[in-house]
Amino acid sequence: MWTPKTLPGVGAPASIQQRIKYINALIAAYQKHIIPLPKTKAVEQEYNIAVNSTKTTYGANIKILIKNASNNTTPASKVEKRKLSPSESYEAVKKLIHPIHVLERNQYVTKIPTEYVEKIDDRNKRKCDHCSEQFYITQIDDKVECLYHDRKKRYIVNGSERSAEWECCSEVVGVSQGCKTATGHVFKASDPYDLHQFIPFRETPKATKVKQQIIGMDCEMGYTTKGMEVIRVTIMDFFTSSVLFDEIVKPFGKVIDLNTKWSGVDEIPQTAMTLDNVFDVILGTIIDENTIIIGHGLENDLNVLRLIHHKVVDTAILYPKSLTKKFSLKDLSFQYLDRKIQTGEHSSEEDSLAAMDIVKYHICT
């Protein structure tokens with residue numbers, strides 16, 4: 001017997017009876033269209049709506065979800081039976097490549113930066129990516145107490161009152177300074193010219209006799225004295241799902257925080273490749289300007305790689321949450337693949353595979 005998932009905090013946007021009614025409607029829609037694990041999916045989808053809704057918005061949001069599920073005209077059995085040849089798959093994915101203006105709107109760097117984009121009064125001053133305190137880059141090696149929360153805020157509705165708490169420790173936002181302590185500040189540059197000054201961008205090489213038409217890519221990142229840098233690169237073949245390249249990368253700057261909880265990288269071996277070594281291996285052999293790269297939030301990966309590339313299929317853009325918000329890869333993976341990912345430390349192989357499989361789902365429906 002299933003029950004609705006318990007919501008965090010004391011507030012709820014609907015009663016248990018209302019939630020059960022809507023979940024039953026979702027289950028019926030999923031069973032009608034032969035969606036795998038309909039009860040599990042319905043419970044999880046309703047929870048995602050409930051935890052992100054208020055009493056005012058819950059009803060409308062859940063009804064939209066039910067309507068979309070009910071109008072699904074492609075049963076899962078047909079999706080599973082439809083097979084595309086490699087050439088058909090390539091042509092289908094090629095049609096999904098985002099135009100340059102869409103990439104730029106989503107913070108992709110599409111040309112070598114020559115001037116600042118952001119208006120910053122003092123470019124030597126940074127905001128700590130953990131605690132938001134202002135500090136100077138010259139102080140990046142200073143030992144200071146940095147209190148922060150490593151999870152997002154969540155909002156609790158109790159009658160007419162609305163409050164917020166931190167997901168990591170359930171402490172009240174505005175009262176708690178932080179539940180985690182670091183011995184220094186960290187930063188993440190976002191302005192393209194800023195990024196270029198720390199570590200230069202480069203463009204993918206002109207077309208060669210490249211062996212890979214479509215790849216999946218995911219990078220893990222850590223904090224160094226040069227901001228956020230790539231510390232692992234994983235590249236997979238779209239057609240076979242095999243790993244083509246997977247290496248720990250030695251950053252240019254001095255490591256401050258490897259972000260292990262999220263990156264899964266707990267040390268950088270002395271024998272690790274540098275970013276230049278990585279490019280010596282992958283550029284022109286695995287990737288050139290015609291290679292289609294698939295990923296989720298791929299602007300972040302390309303930015304830490306300092307790689308400018310235009311043939312991109314980004315699942316965060318392919319399935320937007322709204323005009324200004326994006327679904328997480330974890331949410332998309334559960335919704336379209338019925339697959340749970342990122343249950344522990346992030347795995348760049350797991351994430352890359354999920355993004356590729358979401359695109360395969362898209363072109364086969």
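Side chains are part of it too, since the values below use all heavy atoms of this structure and drop only hydrogens, waters and symmetry mates.
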Participant: Quick one: closest heavy-atom pair of V304 and C219, and the distance?
Facilitator: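 Heavy atoms of V304 and C219 come nearest at CG2-CB, 4.3 Å.
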Participant: Quick one: does Q18's side chain have a donor or acceptor within less than 3.5 Å of a partner on S15's backbone?
Facilitator: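 Answer holds: yes.
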Participant: Can you measure from NE2 (H185) to OH (Y136) and round to the nearest 0.5 angstrom?
Facilitator: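 One finds 13.0 Å between NE2 of H185 and OH of Y136.
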Participant: In Å, rounded to the nearest 0.5 Å, how long is the span from CD of E46 to CG of L26?
Facilitator: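 These two atoms lie 8.0 Å from each other.
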Participant: Do D301 and D218 make a side-chain contact, defined as non-hydrogen atoms from C-beta onward lying under 4.5 Å apart?
Facilitator: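 They are in contact (side-chain heavy atoms under 4.5 Å apart), so the answer is yes.
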Participant: One thing to verify: whether D141 and K254 come together as a salt bridge, which I'm taking to mean a side-chain N less than 4.0 angstrom from a carboxylate O.
Facilitator: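 Yes.
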Participant: Would Y108 and H98 satisfy ring pair (Phe, Tyr, Trp, His ring centres under 6.0 Å), going step by step from the backbone distance to the final call?
Facilitator: CA-CA 11 Å; Y108 279 81; H98 310 297; 7.7 Å; no
Participant: I'd like to know if I199 and V278 are part of one continuous hydrophobic network [Ile/Leu/Val/Met/Phe/Trp/Tyr, side-chain heavy atoms within less than 4.5 Å].
Facilitator: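 Same cluster: V278 reaches I199 through Ile, Leu, Val, Met, Phe, Trp or Tyr contacts under 4.5 Å.
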Participant: Closer than 3.5 angstrom, by distance alone: can the side chain of K360 be matched with the main-chain N or O of F238 as a donor-acceptor pair?
Facilitator: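 Here the side-chain-to-backbone pair exists.
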Participant: Can D331 and K321 be counted as an ion pair, charged N to O under 4.0 angstrom?
Facilitator: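 The answer is no: the pair does not qualify as a salt bridge.
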Participant: Applying a strict under-4.5 Å side-chain criterion to I, L, V, M, F, W and Y, I'd like to know whether F187 and Y193 cluster together.
Facilitator: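 As far as the 4.5 Å side-chain criterion goes, Y193 and F187 are not connected within one cluster.
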Participant: Which class fits the ring pair Y361 and Y336: parallel under 30°, tilted 30 to 60°, perpendicular over 60°?
Facilitator: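 Y361 and Y336: tilted rings.
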Participant: For S70 and A29, indicate whether the former's side chain and the latter's backbone hold a donor-acceptor pair under 3.5 Å.
Facilitator: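 Between the backbone of A29 and the side chain of S70 there is no qualifying donor-acceptor contact (under 3.5 Å).
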Participant: If I compare all heavy atoms of S170 with all of E165, which pair ends up nearest, and what's the gap?
Facilitator: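 For S170 versus E165, the nearest heavy atoms are O-OE1, 3.6 Å.
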Participant: Mind checking whether K153 and E167 have side chains closer than 4.5 Å, heavy atoms only?
Facilitator: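 Contact flag for K153/E167 side chains = no.
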Participant: With rounding to the nearest 0.5 angstrom, report the CZ to CG distance, R306 to L275.
Facilitator: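 Between atom CZ of R306 and atom CG of L275 there are 8.5 Å.
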Participant: Which one of I292, I286, D237, I282 satisfies the side chain to side chain contact (heavy atoms under 4.5 Å, CB included) criterion with I215?
Facilitator: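 By the side chain to side chain contact (heavy atoms under 4.5 Å, CB included) criterion, I215 pairs with just one of I292, I286, D237, I282: I286.
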Participant: Check whether any side-chain heavy atom of R232 lies under 4.5 Å from a side-chain heavy atom of V230, and answer yes or no.
Facilitator: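 The answer is no, as the side chains (C-beta and beyond) never meet within the 4.5 Å cut-off.
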Participant: Please say yes or no: joined through hydrophobic side-chain contacts below 4.5 Å, possibly via intermediate residues, are L244 and M236 part of one cluster?
Facilitator: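 Shared cluster, no.
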Participant: Closest heavy-atom contact between P113 and H196?
Facilitator: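 Closest pair (atom of P113, atom of H196, distance): O-CD2, 3.7 Å.
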Participant: Got a list of side-chain donor-acceptor pairs under 3.5 Å for residues 88-95, not counting sequence neighbours?
Facilitator:
{"unit_1": "E88", "atom_1": "OE1", "unit_2": "S85", "atom_2": "N", "d": "2.9"}
{"unit_1": "E88", "atom_1": "OE1", "unit_2": "S85", "atom_2": "OG", "d": "3.3"}
{"unit_1": "S89", "atom_1": "OG", "unit_2": "S85", "atom_2": "O", "d": "3.1"}

Participant: Has K5 got its NZ or CZ under 6.0 Å from the middle of the six-membered ring of Y47, at an angle within 45 degrees of the ring axis?
Facilitator: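 Geometry flag: set, cation within 6.0 Å and 45°.
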Participant: Is a side-chain N or O of H130 found less than 3.5 angstrom from the main chain of Y148, in a donor-acceptor match?
Facilitator: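 Here the side-chain-to-backbone pair does not exist.
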Participant: To which residues is V172 joined in a hydrophobic cluster, defined by side-chain heavy-atom contacts under 4.5 Å among Ile, Leu, Val, Met, Phe, Trp and Tyr, whether direct or through other members?
Facilitator: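 In the cluster with V172 are V175.
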Participant: Using side-chain heavy atoms (C-beta onward) and a distance below 4.5 Å, is K325 in contact with P320?
Facilitator: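 A side-chain contact is absent here, since even the closest heavy-atom pair is not under 4.5 Å.
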Participant: Between V313 and I293, is any pair of side-chain heavy atoms under 4.5 Å apart?
Facilitator: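 No, too far: nothing below the 4.5 Å cut-off.
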Participant: Please name the pair of heavy atoms, one in S348 and one in E220, separated by the smallest distance, quoted to 0.1 Å.
Facilitator: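 Minimum heavy-atom contact is N-OE2, 3.2 Å.
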Participant: Among M221, Q107, K188, which residue meets the side chain to side chain contact (heavy atoms under 4.5 Å, CB included) test with N300?
Facilitator: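 For N300, the side chain to side chain contact (heavy atoms under 4.5 Å, CB included) test succeeds with only one of M221, Q107, K188, which is M221.
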Participant: Would H310 and T110 count as a side-chain hydrogen bond (donor to acceptor under 3.5 Å, both in side chains) if you check the C-alpha gap in whole Å, the side-chain angles of each, and the deciding distance to 0.1 Å?
Facilitator: CA-CA 7 Å; H310 295 162; T110 59; 5.0 Å; no
Participant: Is any side-chain heavy atom of N106 less than 4.5 Å from a side-chain heavy atom of K326?
Facilitator: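 Of all side-chain heavy-atom pairs linking K326 with N106, at least one is under 4.5 Å.
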Participant: By the definition side chain to side chain donor-acceptor pair (under 3.5 Å), identify the one residue from K330, Q342, H296 that meets it with D351.
Facilitator: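 Answer to the side chain to side chain donor-acceptor pair (under 3.5 Å) test with D351 among K330, Q342, H296: Q342.
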Participant: Between E349 (side chain only) and V243 (backbone N and O only), is there a donor and an acceptor less than 3.5 Å apart?
Facilitator: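 Absent.
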Participant: So, N259 and Y223: side-chain donor and acceptor under 3.5 Å apart, yes or no?
Facilitator: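 The criterion, which ignores hydrogens and geometry beyond distance, is not satisfied for Y223 and N259.
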Participant: Do other residues, nucleotides or ligands put more than 12 heavy atoms under 6.0 Å from E115 CD?
Facilitator: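 Count not over threshold, so no.
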Participant: CH2/W166 to NZ/K152 distance, rounded to the nearest 0.5 angstrom?
Facilitator: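 Answer rounded to 0.5 Å: 11.5 Å.
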Participant: Check the pair C146 / T183 against side-chain contact (heavy atoms from CB on, under 4.5 Å), numbers first and verdict last.
Facilitator: CA-CA 6 Å; C146 175; T183 57; over 6 Å; no
Participant: What are the two closest non-hydrogen atoms of A69 and Y30, and how far apart are they?
Facilitator: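 Reported closest heavy-atom pair: CB-CE2, 3.7 Å.
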Participant: Closer than 3.5 angstrom, by distance alone: can the side chain of S263 be matched with the main-chain N or O of L258 as a donor-acceptor pair?
Facilitator: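 Yes, because the side chain of S263 sits within donor-acceptor range (under 3.5 Å) of the backbone of L258.
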Participant: Compare all side-chain heavy atoms of T291 with those of I214 and state whether any distance is below 4.5 angstrom.
Facilitator: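 T291 vs I214: side chains apart.
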Participant: Does I358 form a side-chain contact (heavy atoms from CB on, under 4.5 Å) with L329? I'd like the steps, not just the answer.
Facilitator: CA-CA 9 Å; I358 288 167; L329 180 61; 3.8 Å; yes
Participant: A side-chain contact here means heavy atoms from C-beta on lying under 4.5 Å apart; do I112 and E203 qualify?
Facilitator: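 A side-chain contact exists here, since the closest heavy-atom pair is under 4.5 Å.
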Participant: If I take atom CD1 from residue I294 and atom CD1 from residue I235, how far apart are they, to the nearest 0.5 angstrom?
Facilitator: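 I294 atom CD1 to I235 atom CD1 measures 13.0 Å (nearest 0.5 Å).
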Participant: Treating N277 as the side-chain partner and T274 as the backbone partner, does any N or O pair qualify as donor plus acceptor under 3.5 Å?
Facilitator: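 Confirmed, N277 side chain pairs with T274 backbone.
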Participant: Linking I/L/V/M/F/W/Y whenever any side-chain heavy atoms sit under 4.5 Å apart, do V312 and F279 land together?
Facilitator: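 Same hydrophobic cluster.
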Participant: Distance-only, no hydrogens or angles: does the E229 side chain make a donor-acceptor pair with backbone N or O of G253 under 3.5 Å?
Facilitator: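 Indeed, once roles are kept as given, a pair shorter than 3.5 Å links the two residues.
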Participant: Keeping the roles fixed (side chain from D142, backbone from V144), state whether a donor-acceptor pair exists under 3.5 Å.
Facilitator: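 No, D142 side chain to V144 backbone: no donor-acceptor pair under 3.5 Å.
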Participant: Show, in sequence, the C-alpha distance, side-chain angles and deciding distance for Y319 and F327, and conclude whether the ring pair (Phe, Tyr, Trp, His ring centres under 6.0 Å) test is met.
Facilitator: CA-CA 7 Å; Y319 289 102; F327 284 108; 8.5 Å; no
Participant: Begin with the C-alpha distance, continue with both residues' side-chain angles, and end with the deciding distance and a verdict on side-chain contact (heavy atoms from CB on, under 4.5 Å) for I49 and Y58.
Facilitator: CA-CA 7 Å; I49 293 290; Y58 172 79; 4.0 Å; yes
Participant: Under 4.0 Å between a side-chain nitrogen and a carboxylate oxygen: does that hold for K261 and D150?
Facilitator: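 Looking at K261 and D150, the cut-off is met.
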Participant: For the hydrophobic clusters of this structure (ILVMFWY residues joined by side-chain heavy atoms under 4.5 Å, transitively), does one cluster hold both I97 and I363?
Facilitator: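 Yes, same cluster.
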Participant: Could you check whether any side-chain N or O of D314 sits under 3.5 Å from a backbone N or O of L298, counting only pairs where one atom can act as donor and the other as acceptor?
Facilitator: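 At least one qualifying donor-acceptor pair exists.
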Participant: Who passes side-chain contact (heavy atoms from CB on, under 4.5 Å) against I137, sequence neighbours left out?
Facilitator: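 Listed in chain order: R126, F198.
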Participant: How far apart are the closest heavy atoms of L337 and A354, and which atoms are they?
Facilitator: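 That would be CD1-O, 3.8 Å.
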Participant: Does the pair L96 and H362 meet the rule for a side-chain contact (heavy atoms from CB on, under 4.5 Å), with working shown?
Facilitator: CA-CA 10 Å; L96 302 179; H362 185 89; 3.7 Å; yes
Participant: Distance from K127 atom NZ to E133 atom CD, nearest 0.5 Å?
Facilitator: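 Going from NZ on K127 over to CD on E133, the span is 12.5 Å.
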